[in-house]
Amino acid sequence: MIDLAIGAAREAGMFLLEHIDKVQHIQQKDGEGRNLVSEIDRGSEEMIIRRVRERFPDHSIMAEEGGTGGNNPEYRWIIDPLDGTTNYLHGIPIYCVTIGIEKNGSLIGGVVYDPNQDELFVAEQGRGATLNGTPIRVSDTDVLSDSVLVTGFPYDVATNPDRAIERFIRFLKKSRGVRRLGSAALDLCWVGMGRFDGFWEVNLHPWDIAGGIVIVTEAGGSVTDFRGTGAGVDGKQILASNGVLHHQMVATLNSEDD
Ligand code: IPD
Ligand code: CA
Ligand code: CA
């Protein structure tokens, strides 16, 4: 399964790279011009799903653009065919393909491919995480003031801020810096390989985070909700860190002293 995910992510990633200046039809998903989708998101998804269906016709599939598979209750593929659509449509080379694999409701595999950097992140439960075949580990930064963090904002942040802006300001004041890449899956992978020390965001979807959760966890990091308790792919809050900083990030997310 992991080999199939790797092949599919690479193929779809190359498709994204080759079509970045060939997008023809952009549609809005939200009526506000923020959450966009194009035929490239759908084309990438079709490529991945075709491969999964050929090899595992009965496996369940959850994919952002609505593609489906069989109804096997044991295995589920969770797919975002293009994470970072806003970047993609603006020609910003920060986007990826991400695939998570679940068995009986638990994540057992994750693959994220960044075609611009040719960086392939792979993790299997209990077998560690790799970047282009080399094992990766989270950073060892142990104080927030030395950390570089990353976050993102939901498309509806203007109408439904849910304290996202206050929390962003709090971390800006306490860390060395906060970045905003625009691809939650890459945010997670970059925590897993130590470029970032921590990541938090609200209102993500399973397809944004499934693959990356396995990568951070297998690279020795922690992934929870904002209270520091277990978070699944359906969690409306995600906090990922190198583990050492986790309690400091939980405290910052929940402090009221703005
Ligand atoms: C988005 C990205 C972004 C996050 C958004 C997601 P999409 O996914 O992961 O970083 O802030 O909330 O929806 O729409 O580009 O697949
Ligand atoms: Ca996404
Ligand atoms: Ca997407």
Side-chain angles (χ1 to χ4, degrees), residues 8-9 12-13 15-17 19-20 23 25-49 61-67 77-100 110-116 121 149-165 167-168 171 178-192 195-196 198-213 215-216 223 226 231 233-240:
F15 170 79
L16 298 180
L17 198 59
H19 289 80
I20 190 151
V23 182
H25 303 289
I26 301 174
Q27 290 170 298
Q28 297 183 17
K29 285 180 167 177
D30 58 358
E32 290 180 10
R34 283 173 185 248
N35 191 354
L36 305 173
V37 63
S38 80
E39 76 279 9
I40 307 299
D41 300 65
R42 297 197 185 95
S44 172
E45 182 167 301
E46 279 161 22
M47 281 178 152
I48 300 165
I49 290 181
I61 291 174
M62 172 194 255
E64 179 171 14
E65 310 311 336
W77 297 68
I78 306 178
I79 300 162
D80 189 338
L82 168 45
D83 186 53
T85 290
T86 306
N87 286 346
Y88 189 81
L89 294 175
H90 285 258
I92 299 166
I94 303 176
Y95 53 82
C96 65
V97 176
T98 172
I99 302 173
V111 171
V112 177
Y113 183 56
D114 168 356
N116 287 288
F121 297 87
L149 308 174
V150 65
T151 190
F153 296 94
Y155 288 118
D156 66 350
V157 68
T159 49
N160 184 23
D162 188 26
R163 300 167 70 205
I165 295 164
R167 285 173 166 140
F168 178 65
F171 278 117
V178 182
R179 303 290 182 259
R180 198 271 199 251
L181 294 188
S183 163
L186 287 179
D187 295 339
L188 286 164
C189 289
W190 287 26
V191 172
R195 284 182 188 142
F196 292 132
F199 162 67
W200 81 97
E201 189 161 345
V202 295
N203 296 340
L204 288 168
H205 297 281
W207 48 78
D208 299 315
I209 56 177
I213 287 176
I215 285 154
V216 174
V223 183
F226 288 179
V233 284
D234 297 317
K236 286 279 153 200
Q237 300 176 332
I238 183 164
L239 168 62

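Atoms within a ligand are numbered from 1 in the order they appear, just like the ligands themselves.
For the side-chain contact (heavy atoms from CB on, under 4.5 Å) with Asp80, the lone residue among Glu45, Glu64, Met62 that qualifies is Glu64. Of the candidates Ile94, Asn116, Val150, Leu186 forms a side-chain contact (heavy atoms from CB on, under 4.5 Å) with just one, namely Ile94.
Heavy-atom separations between Leu181 and ligand 1 are all 4.0 Å or longer. The closest approach between Arg180 and ligand 1 falls below 4.0 Å for a heavy atom of the residue.
Given atom 13 (O) of ligand 1, the protein heavy atom at minimum distance is Tyr155 CE1, 3.3 Å. Counting only heavy atoms of the protein, atom 12 (O) of ligand 1 lies nearest to Glu201 OE2, 3.3 Å. Shortest contact from atom 8 (O) of ligand 1 to any protein heavy atom: Asp83 OD1, 3.0 Å.
The heavy atom nearest to atom 10 (O) of ligand 1, out of those in Pro81, Gly152, Gly182, Gly84, is found in Gly182. The heavy atom nearest to atom 16 (O) of ligand 1, out of those in Leu204, Asp80, Asn203, is found in Asp80.
Side-chain atoms of Asn87 and Ser183 form no donor-acceptor pair, as typed in the model, at a separation below 3.5 Å.
Only the backbone of Phe153 comes within contact range of ligand 1, with a heavy atom under 4.0 Å; no side-chain atom does. Contacts between Asp208 and ligand 1, counted as non-hydrogen atom pairs separated by less than 4.0 Å, involve the side chain only.
Residue contacts with ligand 1: Leu82 is placed with a nitrogen or oxygen under 3.5 Å of a nitrogen or oxygen of the ligand (distance criterion only). In terms of polar-atom proximity, Asp187 is not counted as a contact of ligand 1, lacking any N or O under 3.5 Å from an N or O of the ligand. Of the polar atoms of Glu64, at least one N or O is found under 3.5 Å from an N or O of ligand 1, judged by distance alone.
Between the Tyr88 side chain and the Leu16 main chain, a donor and an acceptor come within less than 3.5 Å of each other. Under a 3.5 Å cut-off, the side chain of Asp208 and the backbone N or O of Ala184 do not form any donor-acceptor pair. Of the possible polar contacts, one joining the Thr151 side chain to the Trp200 backbone as a donor-acceptor pair under 3.5 Å is found.
Considering only heavy atoms from C-beta on, Phe15 comes within 4.5 Å of Ile40 through its side chain.
Of all the atoms in ligand 1, the ones that sit under 4.0 Å from a non-hydrogen atom of Ser183 are 9 (O), 10 (O). Atom numbering of ligand 1 starts at 1 in the shown order; those under 4.0 Å from a heavy atom of Thr85 are 15 (O). Using a 4.0 Å cut-off to heavy atoms of Ala184, the atoms of ligand 1 that qualify are 2 (C), 9 (O), 10 (O).
Taking every heavy atom of both residues into account, Ser44 and Val97 meet most closely at OG-CG2, 4.4 Å. Shortest non-hydrogen contact noted between Asp187 and Glu201 is OD2-OE1, 4.4 Å.
Heavy-atom neighbours of Arg42 CZ from other residues, nucleotides or ligands within 6.0 Å: above the threshold of 12.
Considering the Ca ion (ligand 2) as centre, the angle to OD1 of Asp83 and to OD2 of Asp80 is 100° (10° rounding).
Note on Pro81: not counted as a metal contact of the Ca ion (ligand 3), no N/O/S atom lying under 3.0 Å.
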